[in-house]
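Heads up: numbering here begins at 1 and tracks the sequence.
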Amino acid sequence: MAEHIHVSVAWPYANGPFHVGHIAGAYLPADIFARFQRLHGNHVLMVSGSDCHGTPITLKAEQEGVPTQQVIRRYHESFLHTFAALGISFDLFTQTYTDNHYAVTTDLFLRLQQRGYIYKQTMTGSYSEGLGRFLPDREVEGQCPHCGYANARGDQCDNCGKLLDPPDLINPRARIDGSAISFRDTEHFFLDLAKLEPVLREWLDGTDRDYWRANTVQFTQNWLREGLRGRAITRDLEWGVPVPTADAGFADKRIYVWFDAVIGYLSASIEWAERTGEPDKWKDWWNPGAAKIYNFIGKDNIPFHTIIWPAILLGVGGLNLPYDVPANEFLNLEGEKMSTSRNWALWAPDIQDRYQPDQIRYYLTANAPEGRDSNWSWAEFVQRNNAELVANWGNLANRVLNIAHKHFGAVPTPGELSAGDQALIADAEAAFTRITALYSAVKLKQALQETLLLSQRVNQYLAETTPWKLVKDDKDRAATVLFVCLRVIDTLKILFAPVLPFSSQQLHELLGYTGTISPQPRIAEARDKDGGTRQVLSGEYATGAVWAQSQLAAGQIIQPPTPLFRKLEESVIDEELARLRAAQ
């Protein structure tokens, strides 16, 4: 029976383009998983959008001397074009600056308040003497009191993962100009996490979560071990969702971005349903127990998705809770941590048009930071492309199709299968079962490795049977060998499809099929909060079950083959390294 699968993906700040670390950390894994689930015949809803309310955005606008909305529009559209180029198949990628998102955020705030989970309290605010204003926590830096990291943020230390408040920092300073920070009293609303802790612990302990990744479990346990306390959900800001209260002193305050961003998973689902003409359709994923919800994020966002977001949902009541939080580690660049401040990053818009999308997708998946940090190396990118993607898989498909098309024009009719033929078919059946289980468990890197091993096994069989010789001496035997090869290649096409959707669709058509197994997203228009137009990413993705081993029939016409992938010259390495150095 088909399941409902919700794929919630981290909302990026619209203050700069994506680098490959962003793609590897959340967006590509989410797309691979969503594509697998769709091919499996499940009902998938994959949503996210640009986070328009973060202080990094307003700071970017101030630095450039342009309106905030101009910055948002520029980078939101950059995100859309990167997703379209790489085939990241959102059902809806929207933004938080919409009437719908403001309404949903306001509704959840009021429901939490009515149920006694929001209280008002005076807190110490971070005031920049140099800038003459209060700063949000993320714009305060200092030394972490737990691990000593020199550049911990006022809300979290990226080194040890501890959640912080600005007064916790040693020698706090304003990130934008390094000016001294003083702490002044200011009144705000708080989410009562301490009051929600018992029901949250009950939820976390009530189900065996051995399928959660080790980093997800560790971050969550570390935070719970210290006990939960109330966390401010409003800030002294001029940009963001207004605080829904008539209380004095709150007219110039806004809901804090960490609170409204996670609500975007729900608000985007509601917006998607409205766009489809079925406004209640979102409930198929958000009613309790209706679906499995997966939150794809980077490791720095784990506590917000295993503690704070579930606490909000439990406090509101009547909404589905996350099933899994597949958080990835970080992707480094040429052995160094990526740094946007010194422009040590590989920007997606810089490479998405120079390389085939499946070349990028393959390398990022084969080298995914699933269990630990990994590294983008241009030398490895070229080597793996040429040795694995081209020489192993691409050449296998091309050689077999060439021989079959040239000598038979269609899938040949097989004779009696030999023991070797039957062994390969059995290996393919066993691999299909293993790989299906790996995709289901969000072990995407291992699923790709196992698929590549099956491709290598077919190459071995091809070398042993030499059909290019058999067509001259024993055409009937050649027909059987090619039939077996084509059947397993057809199966491999499906197994590779979540990672390599563009080339898998191409191979699907070369094998004589019609229809689409790898639909791609499209950029569409929508109304924005100010009544103008904005762009979104959406798509219509078939849910018919095609995740199955090959049913390729003898006599099916094969199209003239064309190469699936492009070999890269060694000179690419030096060229790309030179680009990196020149950008600094």
Side-chain angles (χ1 to χ4, degrees), residues 9-10 12-32 48 50-51 56-57 60 63-64 70-90 93 298 328 330-369 373-386 389 499-503 520-521 523 535 537 565-584:
V9 198
Y13 283 129
N15 71 321
F18 285 130
H19 58 59
V20 291
H22 298 130
I23 304 300
Y27 304 104
L28 179 57
D31 178 67
I32 292 169
S48 184
S50 295
D51 188 342
I57 300 168
K60 183 80 170 180
Q63 291 166 358
E64 295 184 1
Q70 185 173 324
V71 172
I72 292 169
R73 180 175 291 273
R74 181 198 316 157
Y75 291 114
H76 176 71
E77 292 180 2
S78 172
F79 296 162
L80 299 184
H81 288 288
T82 291
F83 289 147
L86 297 180
I88 308 297
S89 58
F90 281 103
F93 185 87
N328 271 356
F330 294 145
L331 180 71
N332 297 323
L333 176 59
E334 298 293 343
E336 298 180 42
K337 186 174 182 178
M338 291 198 210
S339 169
T340 57
S341 61
R342 60 187 181 92
N343 204 28
W344 185 251
L346 185 57
W347 303 106
D350 289 344
I351 65 168
Q352 66 197 36
D353 295 327
R354 288 205 299 275
Y355 300 96
Q356 293 173 297
D358 282 354
Q359 290 177 315
I360 298 171
R361 291 174 64 104
Y362 177 82
Y363 181 62
L364 288 177
T365 307
N367 196 31
D373 289 355
S374 61
N375 179 59
W376 178 292
S377 159
W378 276 110
E380 186 186 36
F381 176 80
V382 171
Q383 187 274 328
R384 298 193 80 151
N385 176 80
N386 292 348
L389 198 57
V499 179
L500 308 174
F502 294 89
S503 55
Q520 300 299 342
I523 296 174
Q535 291 185 328
L537 196 77
F565 310 108
R566 185 175 73 243
K567 184 178 179 180
L568 299 175
E569 298 299 328
E570 293 290 323
S571 59
V572 164
I573 301 169
D574 290 336
E575 291 168 2
E576 293 293 353
L577 290 174
R579 283 192 179 96
L580 282 175
R581 288 191 291 268
Q584 287 193 286

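- In terms of heavy atoms, Arg384 sits closest to Ala366 at NH2-CB, 3.6 Å.
- By the side-chain hydrogen bond (donor to acceptor under 3.5 Å, both in side chains) test, Asn15 pairs with no residue at all, sequence neighbours left out.
- Taken from OG in Ser339 to CG in Asn332, the straight-line distance is 11.5 Å, to the nearest 0.5 Å.
- Glu575 meets the salt bridge (Lys or Arg N to Asp or Glu O under 4.0 Å) test with no other residue; sequence neighbours excluded.
- Looking at Leu86 and Leu28, their side chains never come closer than 4.5 Å, going by heavy atoms from C-beta outward.
- In this structure a side-chain-to-backbone donor-acceptor pair under 3.5 Å is present from Asn328 to Ala24.
- Contact of the Leu500 side chain with the Thr365 side chain is not registered, since no non-hydrogen atoms from C-beta on lie closer than 4.5 Å.
- Within the 3.5 Å criterion, the main-chain N or O of Phe93 finds no donor-acceptor partner in the side chain of Ser48.
- The CD1 atom of Ile351 sits 4.0 Å away from atom CD1 of Ile360, with the distance rounded to the nearest 0.5 Å.
- The main-chain N or O of Leu333 is found under 3.5 Å from a side-chain atom of Trp344 such that the two form a donor-acceptor pair.
- For Tyr13, there are no side-chain hydrogen bond (donor to acceptor under 3.5 Å, both in side chains) partners, not counting sequence neighbours.
- Partners of Arg566 according to the side-chain hydrogen bond (donor to acceptor under 3.5 Å, both in side chains) rule, which considers only residues two or more places apart in sequence or in another chain, do not exist here.
- In this structure a side-chain-to-backbone donor-acceptor pair under 3.5 Å is present from Thr82 to Ser78.
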Residues Glu77, Ile523; criterion side-chain contact (heavy atoms from CB on, under 4.5 Å); working and verdict: CA-CA 9 Å; Glu77 292 180 2; Ile523 296 174; over 6 Å; no
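- Met338 contributes atom CE, which lies 8.0 Å from atom CG of Asn375 (distance to the nearest 0.5 angstrom).
- Looking at every heavy atom in both residues, Gln520 comes nearest to Pro501 through NE2-CB, 3.8 Å.
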Derivation of the side-chain contact (heavy atoms from CB on, under 4.5 Å) call for Leu331 and Leu346: CA-CA 10 Å; Leu331 180 71; Leu346 185 57; over 6 Å; no
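- Residues Val9 and Ala26 approach most closely at CG1-O, 3.9 Å, considering heavy atoms.
- In this view, Tyr355 and Trp378, Phe381 satisfy the ring-ring contact (aromatic ring centres under 6.0 Å, His included) rule, not counting sequence neighbours.
- Not counting sequence neighbours, Arg581 has no partner by the salt bridge (Lys or Arg N to Asp or Glu O under 4.0 Å) test.
- Applying the salt bridge (charged side-chain N to carboxylate O under 4.0 Å, His left out) rule to pairs touching residues 334-351 yields Glu336-Arg342, sequence neighbours excluded.
- By the side chain to side chain contact (heavy atoms under 4.5 Å, CB included) test, Ala379 pairs with Ser377, Ile573, sequence neighbours left out.
- With sequence neighbours excluded, the residues satisfying side chain to side chain contact (heavy atoms under 4.5 Å, CB included) with His22 are Phe18, His19, Tyr27.
- Using a 4.5 Å cut-off on side-chain heavy atoms (C-beta onward), Glu64 and Gln70 make no contact.
- Nearest heavy atom pair, residue Ala85 against residue Phe502, reads O-CZ, 3.8 Å.
- Applying the salt bridge (Lys or Arg N to Asp or Glu O under 4.0 Å) rule to Asp31 yields the partners Arg35, Arg361; only residues at least two apart in sequence or on another chain are considered.
- What you find for Ala345 and Leu580 is that their closest heavy atoms are O-CD2, 3.8 Å.
- Using a 4.5 Å heavy-atom cutoff, the side chains of Ser50 and Tyr75 are not in contact.
- Shortest non-hydrogen contact noted between Ile57 and Asp51 is CD1-O, 2.9 Å.
- Rounding to the nearest 0.5 Å gives a distance of 11.5 Å between OG of Ser374 and CZ of Phe330.
- Distance check: Lys567 NZ to Leu389 CG gives 13.0 Å after rounding to the nearest 0.5 Å.
- Residues that satisfy the side chain to side chain contact (heavy atoms under 4.5 Å, CB included) test with Asp574, not counting sequence neighbours, are absent from this structure.
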Intermediate values then yes/no, side-chain contact (heavy atoms from CB on, under 4.5 Å), Leu568 and Gln359: CA-CA 10 Å; Leu568 299 175; Gln359 290 177 315; 3.9 Å; yes
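- For Tyr363, the side-chain hydrogen bond (donor to acceptor under 3.5 Å, both in side chains) partners are Asn367, Glu380, not counting sequence neighbours.
- In this structure, the side chains of Pro12 and Phe79 come closer than 4.5 Å at one or more pairs of heavy atoms.
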